[in-house]
Structures are given as C-alpha cells and as structure tokens.
Amino acid sequence: MSQLSYREAVNGALIQEMERDDRVFVYGCDVADHKRIYGSTTDLVERFGPERCFSTPISEDAMTGMGLGAAISGLRPIHVHIRVDFLLLAMNQLANMISTARYMSGGDLSVPMVIRAVVGRGWGQSAQHSKSLHSVFAHLPGIRVVAPTTPNDVKGLMSAAIRDDNPVVMLEHRWLYDTVGEVDEGDAVVPLGKARVVRAGTDLTIVATSWMVVEALRAADLLAERGVSVEVIDPRTLAPLDEESIVASVQKTRHCIVADNDWSFCGFGAEVAAMVSERCFGQLGAAVSRVGWAFVPCPTTRCLENEFYPNANDLVRAAERSLGLDAMDLSGFDFYTYENRFKGPF
Amino acid sequence: MSQLSYREAVNGALIQEMERDDRVFVYGCDVADHKRIYGSTTDLVERFGPERCFSTPISEDAMTGMGLGAAISGLRPIHVHIRVDFLLLAMNQLANMISTARYMSGGDLSVPMVIRAVVGRGWGQSAQHSKSLHSVFAHLPGIRVVAPTTPNDVKGLMSAAIRDDNPVVMLEHRWLYDTVGEVDEGDAVVPLGKARVVRAGTDLTIVATSWMVVEALRAADLLAERGVSVEVIDPRTLAPLDEESIVASVQKTRHCIVADNDWSFCGFGAEVAAMVSERCFGQLGAAVSRVGWAFVPCPTTRCLENEFYPNANDLVRAAERSLGLDAMDLSGFDFYTYENRFKGPF
Amino acid sequence: MTARAQALTLYESLLLIRRAEEKIQAHYAEDDMKTPVHLYIGQEAVAAGVVNGLDPADPIVGTYRSHGIYLARTDDPEGFFAELYGRVGGPAKGKAGSMHMARPQDGLFLTSAVVATTIPVALGLAFTQQYRKTGRSVAAFFGDGAMDEGVFWESLNFACLKRLPVLFVCEDNGLAIHTPSVARRGYKSVADAVGGFDCHFVESESTDPAEISDLTRDALARQREDGRPVFMRLRCYRYVEHVGPREDRDFHLGYRREEEFEYWRARDPVRCQRERLIKLGVPEAEVAALETKIDERLSRCVAEAQKAPFPEPEELHRDVLA
Amino acid sequence: MTARAQALTLYESLLLIRRAEEKIQAHYAEDDMKTPVHLYIGQEAVAAGVVNGLDPADPIVGTYRSHGIYLARTDDPEGFFAELYGRVGGPAKGKAGSMHMARPQDGLFLTSAVVATTIPVALGLAFTQQYRKTGRSVAAFFGDGAMDEGVFWESLNFACLKRLPVLFVCEDNGLAIHTPSVARRGYKSVADAVGGFDCHFVESESTDPAEISDLTRDALARQREDGRPVFMRLRCYRYVEHVGPREDRDFHLGYRREEEFEYWRARDPVRCQRERLIKLGVPEAEVAALETKIDERLSRCVAEAQKAPFPEPEELHRDVLA
Ligand SMILES: Cc1ncc(C[n+]2csc(CCOP(=O)(O)OP(=O)(O)O)c2C)c(N)n1
Ligand SMILES: Cc1ncc(C[n+]2csc(CCOP(=O)(O)OP(=O)(O)O)c2C)c(N)n1
Ligand SMILES: [Mg+2]
Ligand SMILES: [Mg+2]
C-alpha cells in the first residue's frame, strides 16, 4: 500500500501498463506538453518515446477513428481529452464506428481502446467545459463507461480498462485529481463492472457517481450526527452497471437516492432510479429520488455555479424527505470548501 | 379536415410556414434532389426558389453551425437529415453551441431553428442508420425534442416548431411516412409540450414514443379482446415532457409500461419510468416496466432485426406481467405486417 | 506475371464484380436480399486495379459501396451472397449486410455506411504498420462526397504530418447521391485542394485496371520512398442508381448527362478488358470458358445462399463485447 | 479621417486592450475573477486593425481569446469587467465569463471555448447577409489551431461554394496551447493549403494596426467585388501563457524560442503605435493624457465591477429557452 494522489495513480497505471505491454500508446491534444494533462501523463514521453506518447493536431474526429484503426490492427490506444466536451466532436466515431465494429464484423474485430476524458468543475468552466456525458456513452451498446473516484479505483480500473478488449470511456473528475488515498501495490486490477460500497449503512442508500461520491460521504457524516445510517455506493463502472450491488443495498435500507454528477433528465440517474424502482418494487419505504445538476447550461459566475451544482446539503435534504424527517439545522456548515481551495486559471 | 399521409403532412407544414414567413428556409443533404427526402420537401424549390431550399455538401458539423448563425441573425432555418445518425457529426454544435447560445448570451440571442431527422426501420438499415438518439438530445437543457406519430401531429407540431423561438429537434419515423390520417385544415398548430391520449383506458397505461405508438395500439386491441382496457399516451414532445398527463393517467390505471423506440439503458424510457415511479409512488399496482430495443447494435439480417425491435407481442406480455395475468394465446397472430409491406432498397 | 496472365487475372476480377452485381439486379426484386445495395457497376476498374496493385497483405477500408473491393480482395462470392441474403455463412453472419461487407482476415477491415468514416480508421491501420515497421501500406477507399466532410481533411492533414503509409483512394464518380460535385465543392479542383498538403497526388480517368494497378504500384513506391502518403483521384462512373438495382438514366432530372453516360459506357471497363484479352491473343473460347466458370460459380453462390440457414435468435446478443 | 486621427483611434483601441488585460494581470491573483483568462497581450494589432477595417455593423464571431475584439468593437470595458467578475452588469450577467464574452447588439454575436466552433456560425451570419442583401460581411476570428479541425475546412469549402461574405481571420500565433504549428500541420504552408480553395488569400505579419486595417478594407473590397470570401492569415505573437496571467518565458521547454519572443517584442504593437503618434507630431502630452484617460477609466471599471452585485439565484434558471 502506498499513499498516492489520484493524478499519480492515473499516471502510475499508465506507466505500469505501458511497461507491461508494448502495444499500449497514449495520444491526444497536449498529452506530451509540459503540463501533461494535469500531470497524468508525466514521464511517458521520457520513458517510452514519442512513438508511444504524442500530442496531436486538434482533430478529435479523425483522432478517434485513428484509435479505432490502431485497435483493430493489434495496438491498444489510449486517447486523452482534457475535457469530455470535446468528445462531442467524436460522437460519430464512438456511436457509429467504435461501438459497432465488433458486432458489424460478426465478432471478428475487437476494439481494445481506452478514451480518457476529464470532467467536472474547475475555475469558471462554463457551459462548454462542464459536461459529463456518461449517460450518452452508456446508452450505446458496445462501450464500457468507467468513472473512478478514488486513487485506488482509478489505478485499478485504468489497468483493467487498458487490458480489456473492448472500448472503455474513462471519466476523471478534475477535482478528484488532488485527492490522496491508499493505493494497492503492484499491478492489482479493479474489475470492471463491480460497484463498491464506499460506506456501509442501514437506513438509506445513496448511489453516487464521480464527485457526488465525495458529497454523499459528507452528507452521510452529517446524517450520522442525527443517527441516520447511510450506505454510499459508487458504481464505478457505469456500463455495464452492477445492478445487484445496488439492489442488495436498497433491499436492506428501503430508501434510495441517486446522486449523479450530471443533469437528471434522461440521465444515468434516471436509469438507476428506474431500475431500483422496478427491482425493489414493494420493498421501498419511499420513492427513489434523484439529485443532479440544475437543468440549465452551466453558468460561469461562481454564485450561480454554486446553485447549479448540488452538494451534500441537497443530499441531506433529499435524505430527510425520503425518511420523513424534519430538516436538520445546517446553518453554519460550509458546503463550499473545495471550491475555495481550487484556484484558476483552469 | 382532410386525409393526408404523414409525408404530405410534413410537406404541407413546410409549405404553409414558408408561405407565412419569408425567414424560413430549408437546407441539408439532398433536400432539393428529385427524391426530396422521401417526398417531404416536394415542391419547395419550385415554390420558393433555390435561396430558400437547397442541398448542401455533406458537412453536417458546419451546416449545423451555419443554421445557428442564420438563426441568431434573424432567419428561421430548417436543417434536414435523412437519418438521425448523421447528427452524431453535429453533436458539438448541438450540445456546445445551439443549446447554450441563449444562456451564454444572458438571453440576448434566440435560436429559432428546426432540425428534422428521420429515424426508424427501413430495409436492413443496420447499426449506423437505425438510432433514435432522442434521449441524448433531451438530456441537454436548451433544446426541445419532438417525435410526432400521426399526420395531424406532425403537421401541427412542425408548424409549432418552426414558429418557436428555440431549437427544436424533430424526429420522423420512416415507417410512419405512409400512414394516413385526418389533418386539421388551415394553420392549426399543435402546442409543443403537450402529450396526447391516443386511446383512453382504465387498466394500464402505455407511454409510447414514435413507432411504438403503433405497436401500443395493436397491443391495446389484443388486450381488449380479453377485457383489459389500455390507455395509450403519446408524449409527442419528449422535452420538455408533459409529466402531468402521464401521471394523471397512471394514477387512474395504477399500471404503466414505457414503450420507447430506443435502447432502454439510460434512455428516455428510463426517464419516464423514474418519473412515474417517483410521482406515483404508493399508487402503483406493479412496477413500471420498460420495453425497448435489444441492447445490441442493430443487425441487418431480417430475422435478427425482428428480434432486435420489440413489438405488440412484447407489449402484451409486459402488460400481462404488470397485471398478473396468464399469457394469452398469440400464436397465429402475425406481428410483422408492416415489415412485409415496406420494400427496399432504402 | 506475363501481360496475358495479368490481363486475365484482371478480367476475372472485373467480371466477378460485374456479374455478381448483375445477379443482385436479377434477384433483388424477390425481396430476399433485405439490405440496401449500392452497386458498383461501371466503377469496377478502380477496385480491380487498385487491389491488384496493392500487396495482398495491405489493409483496406471502404464505404457502403464496397462490393468491388470485397470481391477483388477476398475472392469470396460465397460469403458475399450469404451476407446479402442475411445468412449465417456471411462474413458477419448476416449482421453486416451490403453496407458493412468486410473480411478482416483478408485485410479488408471495415466498411461503413456513414460517409467518410473509415478514412480516419485507415490512419490507425497505417499507424500500426508504422509502429510495427511492417512496410505495408493502407488503402482507404471513399467517394468524392467524402471530401465534403471535415474528417477527410483532418485525416489527410494527420497522414501528411506523420507520414503515415496511406493511399487515399478517391473513387470520384462526380456524384453524391444526386448532387454533383460542382454543387458541393468550393475548391478549384481536387488537385488544387489536395495539392497544398504534403502528399503525392495522382489523377486518372482510366477504365483500364492494368493502368490503375500500375498507378497504384507506382504510388506505393513513391510513398515508401519518402514516406509521404498518396492521394489518388480515380475518376469513374456508376451506371446504376445511387442505391438499388436499377440503371440510372434519369437524364431529364439534370444531375447527370446522357453524353457523359455514353462517354463512360464506351470505355466500359469490363468490355474493354475483354477486347484487350482478345487483342492479346487469348482465344475467344478461353475467355468464354472463364465467363462460364464465373457465372456458374455465382449462380451456385446465389442458390446456396438462398437455402442457407439464417442465424439463430441467440445470435442477436453475441459479438457486442469481446 | 486624417492619418493622425486614425492613428490616435487605433492607439486608443490597442491601448484599451493592453491596459485592460494588464488590469487582469494585476488583479487575477486576488481570485475574484473566477473565469479562465486567455490573454491577448501581444496580438492587439489584429483585433484593433481588423475591427477598425470592418464596418461597425459587420457581424463578428470569435474564440475564448476574444478580449481584443470585444474591446475593439464595443468600447465597453465596463461590461467587460463586470462579466469577468461575474456580476450582473456584464453583457451576459456573469453567465459567460471571459471565454464567452460577446455583445450581439454591437455585432459581436458569439465567442466560444471550443476550438473552431464559431467558424460555421459565421457562415450562417453571412448567409443572412446574403439572403437579406445587406451588403455586410462577417468576420470570423480563430486561432491557427482551429485549422486542425475538420469543421474549418467544411466551412471554408461552403463559404467558397456559396460565395458567402466571410472574412476568415486566422490569428496565427504559431501555437495551440504549447503545440507549435509544425507539430500539427501536414500542409506545406497556410497559403498552399488554403490556396486551392476558391477564395482570396491575404497574409501579413504586421503589428501595425493601420496596415491591418487597410488590408481588411482591401479584403472587403475584393470580397464584395467578386463574392469570393477572403482568408486572412495574420501572424502574431502572444507574450503570455496560453491561459492565465503570467508572461510566458518558458523557453527551456522548447515550444517557443527566446529570439522569436524578442523579435516580436521589438515590434510590439502598442509601443510602435505610440512611436508612430509621436512621429506624426502628436504631442507627448496629448498621448499621455489619452493614456491617463484610459487608465482611469479602466481603474473605475475594475473598482465598480468589484463592488457590483452578483446575479440573484433565480437568474440560474433564466435564459434557457426563449
Ligand atoms: C455523414 C453522412 N451524411 C449523409 C449520408 C447520406 N449519404 C449516403 S451516400 C451519400 C453520398 C456519398 O457520395 P460519395 O461519397 O461520392 O459516394 P458514392 O455514393 O458516389 O460512391 C450520402 C450523402 C451519409 N451516409 N453519411
Ligand atoms: C475542440 C477542442 N479541442 C481541444 C480544446 C483544448 N484547447 C483549448 S485552446 C487550444 C489551442 C487552440 O489554439 P489556437 O486555435 O491556435 O488558438 P490560440 O489559443 O493560439 O489563440 C486547445 C487545443 C478545445 N478548447 N476545443
Ligand atoms: Mg460519388
Ligand atoms: Mg494559436
């Protein structure tokens, strides 16, 4: 075990897998400049040379198709995007090509490709640098979607994704980059498709994705103060979804909130809520509720941005509604801590 | 009232609105060739000239941005795609630009633009010509999504969409083009954001989109034979969704099936199921269930394609499960009628 | 190979394509090939010539109009018809149909029904060749319409930048569905537009597959010499409608002219190649025998495909993920 | 306008941009401008010159690096700073921030943080001018990096095809973040790559806004004469880091060279313009007075923005749909 930041864990996984397997290469806008995608691609050029780690022109569509071509001919590309929003330019390759190539070839081809993209808040990122899009990717058969929230998970899931013979979209939240945690030594892999119970509890289940796991844990702390025991589940892999772990938890707690790092409407939160409502029908003490972004484009000014993003406060309130409790006094509690730590310009 | 086909109704709406308003123009790949997008753009060049109806290069991304530019400077563009799958090339303009332009300008700009796209089965359309993507568009704040299923609705909603000051994505199912129905005379507009009760019933609600409305009506006929009264609701506008009409229906019937013309996972069906489960909590006789496409890319060969697409048979079975009924005998009933009428090559 | 042997090989390739598609024309109305067909009749010299000029191990990608490259590369009309009829014996067990016809084991990796979408895939295939130093080159076939798409320019740019071993094979039949190139192009000529990029450029309107094969071999040599990719603009003409089996003589609609049709018909690749064989001294009987052999083979392919089994329903859920 | 008046106007425009951004540099560390800033310092001659050459009613679009065109076109540093500080007095009430700074009422319709995405929007603005026969032209500002994107080529193609009144203004600072153009371009030169298209081409590395203004006027005249759009490649240099307030002297990292920096610094648009004024006989005192006026105005803008009200929470839900 060692203590690593999320950024170091990503970087460690890349180095480890590139050492293990010379088919792996990393490319994308600015992966090889000195900023190294918030430090996550540090040392790759130095260790593996410019053939295996190179910056590209700003041509997301072609570069995505290029990854597909490399993957079906025996390499294992890792395509990096400093913002998931840029993948909107690559949706055709993703949805029409990458996700269908295996099926359309009757199983002849496989597409061992990883697409890494950073999501989440930064410094006034505004409407074009703030999407998450995981429900869009997850909606497509033939693609896996992963959103790890701890250093250990990102290391283990990155390794698993790189070794997997399928296309995997890996979403990394910007604000998680500086979080530090224990990481398993060696080449321990975290299996794709398995949720993690982040905190055990008995009264209410919060299924949380990405940064919302952090908020869910804070909400759980607050609710514990008044004797409410919250179970927090991080699906980690969003597609395919580990339904069993979620259902087992909700069958125990009889209450469920889905806290998704995205808009709720037609989102991943809707999927989890629909699935839990169906599979736990008759076993629920209250309706499954969803907590997500305000249904507006993300504004720049901080005061509105803080209204846009839900946080532990909203989760506490949703939990109280679910459990039929009075609203606890949260005045004096500062929900905006990380926001004040994170600095610009980006 | 007059009897029109869906295709004629689309065409009629376009002609009517172009006559009413000289800011309206129609463009896209092949809108002005002799096939005229399955006949839906017939007569436009002849009546309004090549300035107001023209074919474009195959450049979906730029052509979408061009529509945005025309819309914010006072025109009312209608951009046509013979397959919604091609809009994947325009996702960046849609999600990063069109849906955010008003918000990012603090309300200074409006984007009165209609994007028409054909969806649905044809003749072995395969994985790249068969998507629907409405949940993807609906997931984005700032865009309206409409999927009319009758000649009257498509005429009225098309008119409403053209007159609306917001971007509207209009999805037209290929197999509906030949259906015929009564269409209101004059410039009757069907309001955006209002669902329609297609068939009234008391025992079970089927919320159906696009072609699934046809299947739902057939299922309702079959179920009526055994005394089950089905209410079929067509949301018509998928975003913003008319939740009230759906909730009112389910509160009456206590049973709900969502039949969506799409994959279920993270789709529009999930949204409706989650919303109904939450808002009708404690009032349901059974879990809300979803019927959608098999979660695989769409295959070409007809025998698999028939397995891929659900139909009235699946809806009858889902209804029986919801109501706790034995499976009725459906042998001898031919669920594939339209499939055998529709001919190639496209 | 002698000129005679080469000519025979090319004739066989051309004829296989032409006759296979004539079979489609003959049977399509039976409605048992439940797949859109974008026929290649008229354009055969391009596929036959380029594929002949390539090394058999050079990877290829194509479009929805890829019957030609499929048959030229694979010599697998059996699988071809099985796929068209949606049978389990097709290369993709019927999942692909006409628009996605491919056979990776023969180097024909992918074809796609969305315009221009396999061009960047060719970059990746070429990247692998460069990475693995295989010495192979990759041919990306696409229509003139694909040049309207931004991804074409992104791909051309990247291939030139990285000196990837790519042959951009533009099958320029002058039409995208019914929209002629003049109505789609803001550049002076293809040569001008592509000419600014750091690649080789070759242009031809030959319908002689040997000439095209030579051009291809020459292009490959140039590409291998200095690493620069090659853009081949190969003008050609389709006699049939964009999609479907009918001959396209819709001259009254104005998007194609009869003189043009006749100009190309007079240089029909199949007929001209037959004449070349005769000129080269191949006995008429030998040519006829070859034709009969191909016809018989194709008839067998169709007959077998028609009675071959369809995939089982469980097949629906296979091949989604590895 | 006399040469002197024109020179003063241009100096004022340059200086407004330069000093406004220096204010950002001075205050950014206070962390109250909670928006990424992509400064324009060094490149001012392009915005000042082109905007001066345009008619004030000619529509404009730009990128996330658009402080220059905002200030040159709107003369609204008040709104500018309010927007940077996220206050309700900004043109978008704080919703836009630096990366989306625009003011449609002044013809600056849109700016965007996604590379190349406003270029096609310019097509639509130009289409409206053509449709309405306004006689106006549209300027699309974008960086050299935008030429990597396919949509640039699609847009260039369409504008040339339809003879849309577009000025493609490429602000070529040779870098996309830290990736120099040589590492991104597969074409021989911008002139070569664009040259194949049916447009006019202009190239300059001037830092003299009058020269750039003249080029622009000339370009507009040519465009109006034959309808062909114009591509202007305007070379320039940014002194600051890609994003953030710091001067970028990271020469040891290899993506930019000190000589280059010094070469451009020696031709600094603001300083040179000042020198030109003096040479034209404008008294030092008059110049200094102008400078003081601008400084004072900007200080007021900052002070006022700092104490202006933030939008109310309800503002979050406004402006989504019309
Ligand atoms: C991205 C995209 N847009 C539109 C279409 C519809 N479409 C199908 S074929 C075609 C024309 C393509 O012409 P070209 O590339 O010249 O190929 P050809 O059919 O002439 O071989 C178009 C526009 C498509 N398949 N993909
Ligand atoms: C589509 C897209 N891809 C990647 C990025 C990340 N990015 C932001 S700025 C930039 C460089 C753009 O360079 P250029 O167009 O030359 O503009 P400059 O910053 O030099 O003014 C990149 C790659 C982006 N914003 N949009
Ligand atoms: Mg063509
Ligand atoms: Mg630049």
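Lettering follows sequence order; numbering is per chain, from 1.
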| If you count heavy-atom pairs under 4.5 Å with chain C, which of D/Asn157, D/Asp192, D/Val190 comes out on top? | D/Asn157
| Knowing that exactly one of C/Arg224, C/Arg228, C/Arg222 qualifies, which makes a side chain to side chain donor-acceptor pair (under 3.5 Å) with C/Asp226? | C/Arg228
| field | Per-residue contact mode, C/Arg163 against chain D (heavy atom under 4.5 angstrom) | value | neither
| field | salt_bridge(D/Arg249, D/Glu262) N-O dist < 4.0 Å | value | yes
| message | At a heavy-atom distance under 4.5 Å, which candidate from C/Gly196, C/Ser155, C/Pro229 has the highest pair count against chain D? | response | C/Gly196
| Ring centroid separation C/Trp153 to C/Phe168 under 6.0 Å | no
| message | side-chain hydrogen bond (donor to acceptor under 3.5 Å, both in side chains) for D/His67 and D/Ser98? Distances and angles first, verdict last. | response | CA-CA 8 Å; D/His67 295 173; D/Ser98 165; 2.7 Å; yes
| task | May I ask you to check if C/Arg238 and C/Tyr40 form a cation-pi contact, with NZ or CZ under 6.0 angstrom from the six-membered ring centre and within 45° of the axis? | result | no
| C/Val194, part contacting chain D, at a heavy-atom distance under 4.5 Å | neither
| message | Is C/Ala191 close to chain D through its backbone or its side chain, or both, or neither, when contacts mean heavy atoms under 4.5 Å? | response | neither
